[in-house]
Protein chains: 2
Amino acid sequence: MTAAGAQRSLSPTSATAARGPGIADHTTQGFSSGRALRPSAKILPEHARSHNRSLVLQTLYRAGQQSRADIARSTGLTRVTISDLVGEFISEGLIVETGQREDARPGKPATLLDINRSAFQIVGIDLSDYAMFRGALLDLDGGILEHREVTLAGSTGADAAAKVVGLVGELLALATSPILGIGVGSPGVVDFTGTVLSAPNLGWTDVPLQRILLQEFSLPVVVGNDANAAVLAEHSFGGADRDMMLVKVGHGVGAGLLVGGTPLYGSRFAAGEIGHVVVGTDGGLPCVCGKNGCLETWLAAPRLEAALAAARANSASTDDVLAEAGRHLGISLAAIVGALNLAEIVLSGPTHLLDGPLAAATIETLRNRTMAQFHGDLTLRMTTLGEDIVVRGAAVMVLSAQLGVS
Amino acid sequence: MTAAGAQRSLSPTSATAARGPGIADHTTQGFSSGRALRPSAKILPEHARSHNRSLVLQTLYRAGQQSRADIARSTGLTRVTISDLVGEFISEGLIVETGQREDARPGKPATLLDINRSAFQIVGIDLSDYAMFRGALLDLDGGILEHREVTLAGSTGADAAAKVVGLVGELLALATSPILGIGVGSPGVVDFTGTVLSAPNLGWTDVPLQRILLQEFSLPVVVGNDANAAVLAEHSFGGADRDMMLVKVGHGVGAGLLVGGTPLYGSRFAAGEIGHVVVGTDGGLPCVCGKNGCLETWLAAPRLEAALAAARANSASTDDVLAEAGRHLGISLAAIVGALNLAEIVLSGPTHLLDGPLAAATIETLRNRTMAQFHGDLTLRMTTLGEDIVVRGAAVMVLSAQLGVS
DNA sequence: TCATTTTGTTAGTAAACCGTACAAACAAAC
DNA sequence: GTTTGTTTGTACGGTTTACTAACAAAATGA
């Protein structure tokens with residue numbers, strides 16, 4: 001495992017690794033981790049340092065090429081402090097000087113800095129497709145360098161977990177830089193420790209996937225819900241707002257909620273599980289869960305395809321089928337949009353199903369059922385990230401956990 | 001204004017007032033303020049200090065009588081640091097030594113500390129009733145010392161704002177300790193600056209109530225939404241969880257959402273405005289907003305009373321009317337409960353309407369329409385705080401903003 | 001009486017950031 | 001060509017913060 005070796009070799013030369021949550025330290029929880037700090041925890045000066053480290057990285061990550069003085073201005077920290085922090089990062093290899101600024105200005109020319117975007121690579125895994133596991137090797141920008149996948153072929157339980165380990169290993173072998181971490185977006189309910197509490201399609205109950213991967217590869221691992229990963233990807237790469245909802249349609253229906261830039265987990269880590277909430281008061285088809293008229297019976301891809309096939313067989317309008325599905329999605333979302341005062345909804349899933357009459361009916365239903373003035377510019381659109389959304393979201397989870405960047 | 005004078009006289013003798021966000025400083029935003037810290041902000045060591053100050057207060061506020069060593073153990077800070085922080089608070093008058101611990105243990109007997117719960121008083125105002133403004137003078141425990149109210153008599157606009165100022169002035173005159181701050185729970189949409197963007201019943205649009213009161217009284221002021229205030233009160237005094245929803249039924253219907261112990265504001269500060277979301281797909285009565293079948297048409301107190309009167313006139317079952325209203329509340333909440341994975345819902349409003357067939361129908365509908373296993377112990381109950389809920393919540397807003405305590 | 005435990009304080013240390021000052025490098029004005 | 005002013009990045013010293021180590025005070029229990 002050359003990647004892991006290269007990773008570990010960084011630690012001794014790292015200025016911060018010895019004194020706290022440095023980038024190579026995956027046992028402690030960084031201050032700026034995507035997961036919320038417990039309010040009952042003390043804060044020491046070194047936590048402030050860790051936060052400000054992330055702040056510098058975040059600034060460079062977002063705005064790109066900047067000088068130390070630029071960073072000082074935009075963060076509010078002094079040039080002295082920024083120089084100190086940047087010096088640390090340079091010695092760690094995470095920031096590089098990229099030459100001098102060209103434009104003609106008075107004063108000493110600025111030395112431009114940038115995150116060394118090839119310093120590390122990330123492995124992102126998507127377990128949400130019911131027929132295969134997708135994986136990718138990504139750079140720090142979230143760009144995909146390599147794709148790999150493995151067919152599930154009906155595997156469940158330990159077999160499925162073994163296939164995850166195999167896929168991760170395959171991708172690690174392709175790495176040409178040290179690995180920042182491994183991110184996994186899993187269907188079902190996933191807790192803070194990266195244990196999959198429940199994933200019916202995979203036959204998983206209380207599978208400690210994060211711990212399994214950590215023991216196998218000795219690299220930082222983050223395991224989260226697939227829809228939460230997707231919403232993070234949309235936020236980081238899709239230009240989405242800090243408050244939004246992503247509805248993910250596939251074999252089932254799930255959602256990820258972003259509130260103030262951080263995912264919402266819920267009291268039992270089951271936030272976003274809207275697939276089995278009953279829609280409306282006009283009955284509906286029976287669902288695998290035992291109820292009638294769940295959102296999944298209207299919207300899940302297999303159910304929609306079947307309804308479309310039936311319509312075609314009867315020479316009925318397929319657009320009407322899609323619009324009816326969209327209308328029921330709108331009915332379900334209306335209460336959520338109202339309660340959370342959402343301004344942006346993103347759909348992820350098969351474009352030929354979602355992007356058209358379905359989306360149009362959804363937004364119309366939402367406008368008719370909520371107070372327009374509170375949601376004046378309520379938008380609903382397809383994701384621009386296509387099938388890579390979860391894999392890239394898994395990479396965002398790693399970036400957030402290891403560098404505090406998103 | 002003796003209260004304001006007493007308040008200001010504290011500042012010069014305060015050890016911290018001169019060096020940062022002390023308790024008497026209402027111009028700066030405390031680190032532990034109830035409102036979320038922008039992630040793009042730097043953190044300095046003094047912010048850590050401010051956070052740890054709040055941590056000490058929070059510990060004492062919750063657990064009561066404790067020694068310095070007790071606080072050190074429960075916060076993780078050292079006894080030295082706790083002694084230092086406590087020393088500051090004692091010199092500010094906010095913490096007092098209350099004698100020695102009595103129980104027989106080896107070692108030097110502990111000196112017990114407690115928050116000086118009579119050191120400050122709080123003014124809480126509730127603008128949510130459409131016929132009157134309620135106000136109260138409270139101690140630091142949220143206990144009510146004095147009640148005052150003023151009838152609205154149809155006042156709107158500037159008249160209504162003047163009545164708020166008058167009510168606050170009346171309560172300040174009753175104060176026997178320095179005033180920690182003034183909290184106001186207003187109906188409608190309220191932004192971060194305490195400006196009421198929209199409150200139709202009061203005829204308010206963009207009324208900077210927080211600024212008006214600050215200029216009038218020169219005391220810390222927090223203005224927030226009434227349902228958000230209520231949910232904070234339920235969290236602090238009603239024993240509610242850190243993740244919950246409070247549905248407030250009165251002249252209209254609103255909700256406050258608590259996520260991880262902090263209120264949810266939404267993209268346009270209109271989170272919780274569920275009164276005008278259309279329920280179900282079985283039509284419904286026309287609403288003042290122009291739509292049909294809004295939640296308010298089923299649940300608002302005047303509408304419910306009218307429906308009950310009609311049922312009594314027809315010798316029909318009033319329980320059926322209440323159950324039908326509860327069923328529609330359940331339909332609305334189902335999607336929200338599923339999306340947010342809520343475990344606790346609290347109702348606030350007229351007990352004779354809500355507590356009975358209505359609540360029973362709501363919880364039954366919720367159980368039938370959501371995935372039970374995600375919400376195994378989903379509870380729905382009435383608030384225990386009665387009509388004082390908003391006034392006490394307004395006090396919590398002040399405690400949170402000024403002391404970081406909740 | 002003496003060892004042990006617990007509390008709270010004193011003294012010294014390390015980390016983190018700030019303000020001031022300064023040299024280097026450049027543009028623009030004279 | 002020189003001077004002036006601007007901007008950048010660094011060096012130094014100082015303040016704030018919380019920590020460790022050590023200790024006196026005050027109790028219990030053998």
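Proteins get letters first, then strands, A, B, ... in listed order; numbering begins at 1 in each.
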For this session: Just compare D:dG9, D:dA18, C:dA16 and give me whichever is closest to any side-chain atom of A:Glu46.
Result: C:dA16
For this session: Give one of base, sugar-phosphate or nothing for B:Leu77, where a contact means two heavy atoms less than 4.0 Å apart.
Result: sugar-phosphate
Exercise. NA contact type, B:Arg79, heavy-atom cut-off 4.0 Å: base, sugar-phosphate, or nothing?
Worked result: base
For this session: Indicate whether any N or O donor in one side chain lies under 3.5 Å from an N or O acceptor in the other, for A:Gln121 and A:Thr176.
Result: yes
For this session: Look up atom CZ in B:Phe269 and atom CG in B:Asn228, then write down how far apart they are to the nearest 0.5 Å.
Result: 11.5 Å
Exercise. So, is A:Thr81 close to the C:dC18 phosphate, meaning a side-chain N or O under 4.0 Å from OP1 or OP2?
Worked result: yes
Exercise. Between B:Asn52 and D:dT17, does any side-chain N or O lie under 4.0 Å from OP1 or OP2?
Worked result: no
Exercise. How about B:Asp84 and B:Thr81: does a side-chain donor come under 3.5 Å of a side-chain acceptor?
Worked result: no
Exercise. Among C:dT7, D:dG5, C:dT10, which is the nearest nucleotide to the side chain of A:Pro106?
Worked result: D:dG5
Problem set entry | Test item: side-chain donor near acceptor, B:Ser50 and B:Asn52, under 3.5 Å | no
For this session: Let me know the distance between NE2 of B:His47 and C1' of C:dC18, rounded to the nearest Å.
Result: 13 Å
Problem set entry | Euclidean distance, A:Arg117 CZ relative to A:Ser177 OG, rounded to 0.5 Å | 14.0 Å
Exercise. Are A:Thr111 and D:dT8 close enough that a side-chain N or O sits under 4.0 Å from OP1 or OP2?
Worked result: no
Exercise. More 5' along DNA chain D: B:Arg105 or A:Pro109, using each one's nearest nucleotide?
Worked result: A:Pro109
For this session: Classify the nucleic acid contact of A:Arg73 as base, sugar-phosphate or nothing, counting any heavy atom under 4.0 Å across all strands shown.
Result: sugar-phosphate
For this session: Taking only the side-chain nitrogens and oxygens of A:Ser83, find out if one of them lies under 4.0 Å from OP1 or OP2 of D:dG9.
Result: no
Exercise. Can you tell which of C:dT10, D:dC12, D:dA18 lies closest to the side chain of A:Leu44?
Worked result: D:dA18
Seminar exercise, completed: Assign each of A:Asp84 and A:Gly107 the nucleotide of DNA chain D bearing its closest heavy atom; nearer the 5' end lies the nucleotide of A:Gly107
Exercise. Would you say a side-chain N or O of B:Ser67 is under 4.0 Å from OP1 or OP2 of C:dT6?
Worked result: no
For this session: Rounded off to whole Å, could you give me the CG-to-P distance for the A:Leu85 and D:dG9 pair?
Result: 14 Å
Problem set entry | Any B:Arg68 side-chain N or O less than 4.0 Å from OP1/OP2 of C:dT9 | yes
Seminar exercise, completed: Considering only heavy side-chain atoms of A:Lys108, the closest of C:dT6, D:dA11, D:dG9 is D:dG9
For this session: Between C:dG19, D:dA18, C:dT7, spot the one nearest the side chain of B:Ala110, thanks.
Result: C:dT7
